[in-house]
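Contents: one structure, followed by commentary.
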Amino acid sequence: MARHLITSAIPYINGIKHLGNLIGSQLPADLYARYLRARGHEVLFLCATDEHGTPAELAASKAGKPVAEYCAEMHTVQADIAKGFRLSFDHFGRSSSPQNHVLTQHFAGVLYDRGLIREVSETQMYSPTDGRYLPDRYIEGTCPNCGFDSARGDQCDNCTKQLDPVDLINPHSTISGATDLEMRETKHLYLCQSKMKDQIAAWIDTKADWPILTTSIARKWLTDGDGLQDRGITRDLDWGVAVKRGTEDWPGMEGKVFYVWFDAPIEYIACAQEWVDAGNGTDWQRWWRTDSGAADVRYTQFMGKDNVPFHTLSFPVTILGSEEPWKLADYIKSFNYLNYEGGQFSTSRGRGVFMDQALEILPPDYWRWWLLSHAPESSDAEFTWENFQSSVNKDLADVLGNFASRVTKFCRSKFGEAVPAGGIMGAREDQLIADLGARLADYQSQMDTIEVRKAAAALRALWVLGNEYLQEVAPWTTIKTDPEQAAMQTRLGLNLIRLYAVLSSPFIPDASAQLLADLNADDAAWPDDIAAALNALPAGHAFTVPEVTFRKITDDERAAWQERFSGQR
RNA sequence: GGCGCGGUAGCUCAGUUGGUUAGAGCGAUCGACUCAUAAUCGAUAGGUCGGGAGUUCAAGUCUCCCCCACGCCA
C-alpha cells in the first residue's frame, strides 16, 4: 500500500464549467483517485475553486453582489455540481481561504529572503471612473497601426499588432466605457523565475515518463527566446491575498494583492490544511512536508494544457525556491482540449454542454464513461452527439447493462432469484478465467500509468468476455439437457456481474453501486484472484433483478439536444 | 512569422527502441443464437499510414522540404 496525493487544477470561480473543463482535469483525477482507493492505497484527493482576480470582481459586480458573497455562492454551486458528477474530492477548498492567505504570504516572504522576488516600477492605466487599474485586455481604442476601432490594449484583433495600452488612440475602459484614463506609476513584485531556470530544466529532464504534452510545453517555455522569464505576481486589486512578507507588511505594496497564478497553486497545500481544519483529516504535513512523512508520497497533478506552464515552471519555482521541504509533483498528467461539434466550446455564446446542463439530461455515469473513454490525451478530441449516443448505447447499455440484464432475467425465469447450485467448472471456464486475468492485468497496467482511454478500452474488453462466454456456452440451450451445467454457467454469469461492478467503479460509480446492491453483494474488494472472485456469490445467495442499468439515448433525444446546445438560441 | 501537438480504414483512435501479410471499437455486409435493453456472438469487406524526396537490407516509425488542422507565443 502506497500513499497518493492527487490534485486537480482548480477551476475558476467565475461561472459553471463545460464538459471540456471537466475532462481536462477533475474527471480523470477522480478516476485515478477512485482506482487507487479501490486498490487499497491511501489517497488524498484535493481540488478547490480559484477565486481571485479581476474576472471574479467583474462577475460579482455584474451580479450586483459583494465579491466575497458572490464567490461563496459560486463555490457552493460548483461543489454541488462536482458532487453531481461524483467527483470524490477529500476536500473541495477555496483559494480565498484564510489558510491560503497565510501560506501565500509565507511563500512570498521566504522567496523574498532568498532573493527570488524583486520590486519593479511600471506604469499602468488607471480608470478613476471604475476606481481600478485596468488590465490591458480591458482597455480598447483605435489601433494606431491599422485604424481598427476596437483594438485591445494588448493586441489589435484586426492587424494582430502587439500593442501597449498607451499606444491606443481614444482609449476607453471596456468595463464602464470611461475615457478619462490616466497612466499611473505603480510598483509590482516579480518572481525571479529566470534565476531558477537551470534548476527547473534539470528537474524536467529527469521526467522521461511524463506525457509528451507536459514536457514539451515546459521545455518550450524554458528555452524560448532568452529562456524562462520573470513574472509579475502582484496586482492592484482589492480582492485577493494582501501582499505581505510572511506576517510583516511590505513597504510600498499597500493596497495590492498577489496575482492569481501565484496564490492558486499554493492553494493545493492550503487545501490540505482546510481539510484538516474542517475536521476531515488529522495531519496535512505528512502529505506535503517531506520532513514530516511526505517523502514516500507519490504526488500526481492533473490539468488541461493551458495550465501546464504554471505547474511545471511557476509553482516549482515557488516550491524549490523556498528551499523548504515541500512536496514536489512526481507526475504531471495533462490533457488537450475537447471540442464541440466541429468547433470550440464557448461560454459566452452558450455553445456546448455545461456541467449543470449535462446532469439535467442524463445521470453522471453516462457522461463519465463517454468523456473518459474519449479523453483528449494524445491530441484535441471532439464531442459529437452522434458519437456520444452510439458510444453510450453500445458500451453501457448493450455490452454491460444488457449483460447484467440477460443473466439475471434468465436466472429468475429458470432458477428463481437466488444463485443456483450445482455443476462443476470445466475447461471453458478455466479459459474464461485466464482471459479475464490477462485483461485485468492490462486494465490495471493502463490505470497505473493513467492511460485513460486505453484503460476504458481494457475495461470494455472485460465486459465483452462475459458476453462471449455466455454466447458460447448458451445456458438457455444447456438447460434442456443438463440443468446442473446450466446452473453452473448461470452462477458464473451472476458472479461476473459482481466482478464487473467492482472493476468498473472508478468509471461508473453509480451503476457499480447499484449493481452491487441488486446482487446483495457486500464484498466489493478489488480482486487479486479471479477464480476466487467468481465464487463470491455462493449458491443460494438471493439477489434482485436490476432495473435497466443504462437506458438508451433515442434519436429524437439526440436531435433535440443537438439543437438545444448549439448556441443559437 | 516562430514554436508546439497532430494529420493512420466511412467515424473515433492504437501503433513500443525502424523488422514478417498496418491493428481495435463503432458503422457496413453476411451468418449464428433467441437468455437479454430489436440486445449478444462469429465472419467478411474497407487504408498507396497528408504529399514529395532521402537514409537503410528494411520506414506509419528516422532526416529534409511542402500542404492541412488546432494551439501557444511574438
Side-chain angles (χ1 to χ4, degrees), chain A residues 20 154-156 159-163 208-209 211-226 228-229 304-309 334-339 342-344 370-371 373-415 439 442 445-446 449 451-461 463-480 486 489-490 493-494 497 511 545-554:
Chain A
D154 52 348
Q155 180 175 36
C156 175
C159 68
T160 74
K161 185 178 170 61
Q162 198 71 14
L163 299 172
D209 60 328
I212 293 171
L213 185 65
T214 304
T215 50
S216 67
I217 290 174
R219 289 218 172 80
K220 176 185 179 298
W221 284 68
L222 281 164
T223 57
D224 240 28
D226 299 327
L228 189 56
Q229 299 297 300
K305 59 183 170 186
D306 52 328
N307 267 316
V308 170
S334 55
F335 291 85
N336 287 283
Y337 293 141
L338 181 69
N339 290 318
Q344 295 184 332
W370 189 88
L371 290 167
S373 62
H374 293 79
E377 289 177 301
S378 59
S379 64
D380 289 355
E382 177 152 319
F383 176 91
T384 65
W385 285 104
E386 203 172 339
N387 188 305
F388 178 68
Q389 179 193 21
S390 72
S391 293
V392 165
N393 286 356
K394 189 70 184 177
D395 299 345
L396 296 182
D398 295 347
V399 178
L400 177 62
N402 181 57
F403 178 78
S405 184
R406 66 193 299 204
V407 171
T408 51
K409 287 183 179 172
F410 176 77
C411 184
R412 179 173 61 186
S413 73
K414 304 298 181 189
F415 301 101
R439 283 296 182 187
D442 180 35
S445 154
Q446 304 296 359
T449 52
E451 291 287 345
V452 178
R453 277 183 182 233
K454 290 178 183 174
L459 177 59
R460 197 195 120 104
W463 299 341
V464 168
L465 286 175
N467 282 310
E468 284 175 7
Y469 169 76
L470 215 59
Q471 199 65 29
E472 202 175 316
V473 300
W476 47 90
T477 302
T478 316
I479 196 164
K480 295 171 187 166
Q489 293 161 345
T490 304
L494 290 166
I497 299 172
V545 171
E547 297 298 316
V548 169
T549 308
F550 293 102
R551 72 174 185 82
K552 294 205 183 191
I553 296 167
T554 66

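Basis for what follows: all heavy atoms, side chains included, without hydrogens, waters or symmetry-related copies. The chains referred to below are lettered A, B, ... by the order of the sequence lines, with proteins before strands, and numbering in each begins at 1.
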Exercise. Is C57(B) paired to anything, Watson-Crick or G-U wobble with both distances less than 3.5 Å, and if yes, which nucleotide?
Worked result: G19(B)

Exercise. In the strands shown, is G25(B) matched to any nucleotide by a Watson-Crick or G-U wobble pair with both distances under 3.5 Å, and which?
Worked result: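 Partner of G25(B): C11(B).
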
For this session: Answer yes or no: does atom CZ of Arg406(A) have more than 12 heavy-atom neighbours from other residues, nucleotides or ligands under 6.0 Å?
Result: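 Check passes, neighbour count above 12.
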
How many whole angstroms separate atom [atom1] of [X] from atom [atom2] of [N]?
| X | N | atom1 | atom2 | value |
| --- | --- | --- | --- | --- |
| Ile217(A) | C73(B) | CD1 | P | 11 Å |
| Lys394(A) | G27(B) | NZ | P | 5 Å |
| Leu494(A) | C35(B) | CG | P | 17 Å |
| Glu468(A) | A39(B) | CD | C1' | 15 Å |
| Trp476(A) | A39(B) | CH2 | P | 16 Å |
| Asp398(A) | G25(B) | CG | C1' | 13 Å |

Between [N] and [M], how far apart are the two [atom1] atoms, rounded to whole Å?
| N | M | atom1 | answer |
| --- | --- | --- | --- |
| C13(B) | A53(B) | P | 30 Å |
| G71(B) | A24(B) | C1' | 28 Å |
| C41(B) | G27(B) | P | 11 Å |
| G50(B) | G6(B) | C1' | 11 Å |
| G31(B) | A22(B) | P | 29 Å |

For this session: Return the 5'-most residue of the pair Tyr337(A), Lys414(A) with respect to RNA chain B, ranking by each residue's nearest nucleotide.
Result: Lys414(A)

For this session: By nearest nucleotide on RNA chain B, pick out whichever of Gln471(A) and Asn339(A) is the more 5' one.
Result: Gln471(A)

Exercise. Touch check for Val407(A), heavy atoms < 4.0 angstrom, all strands: base, sugar-phosphate only, or nothing?
Worked result: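 No contact at all - Val407(A) keeps every heavy atom at 4.0 Å or more from the nucleic acid.
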
I want to check one thing: is the phosphate of [N], taken as OP1 and OP2, less than 4.0 Å away from some side-chain N or O of [X]?
| X | N | answer |
| --- | --- | --- |
| Arg460(A) | C26(B) | yes |
| Lys409(A) | U37(B) | yes |
| Lys552(A) | A39(B) | yes |

For this session: Kindly indicate whether the side chain of Asn402(A) and the base of A36(B) share any N or O donor-acceptor pair separated by less than 3.5 Å?
Result: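 A donor-acceptor contact between them is present.
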
Taking the side chain as everything from C-beta on, heavy atoms only, tell me whether [X] gets closer than 4.5 Å to [Y].
| X | Y | result |
| --- | --- | --- |
| Lys305(A) | Tyr337(A) | yes |
| Leu470(A) | Val407(A) | yes |
| Glu472(A) | Gln489(A) | no |

Problem set entry | salt bridge (charged side-chain N to carboxylate O under 4.0 Å, His left out) between Asp442(A) and Lys454(A), intermediate numbers included | CA-CA 9 Å; Asp442(A) 180 35; Lys454(A) 290 178 183 174; over 6 Å; no

Exercise. From U37(B), C41(B), C35(B), pick the nucleotide closest to the side chain of Arg406(A)?
Worked result: C35(B)

For this session: For each nucleotide in nucleotides 11-17 of chain B, reading 5' to 3', give B when a protein heavy atom comes within less than 4.0 Å of its base, S when such contact involves only the sugar-phosphate, and - otherwise.
Result: -SSSS--

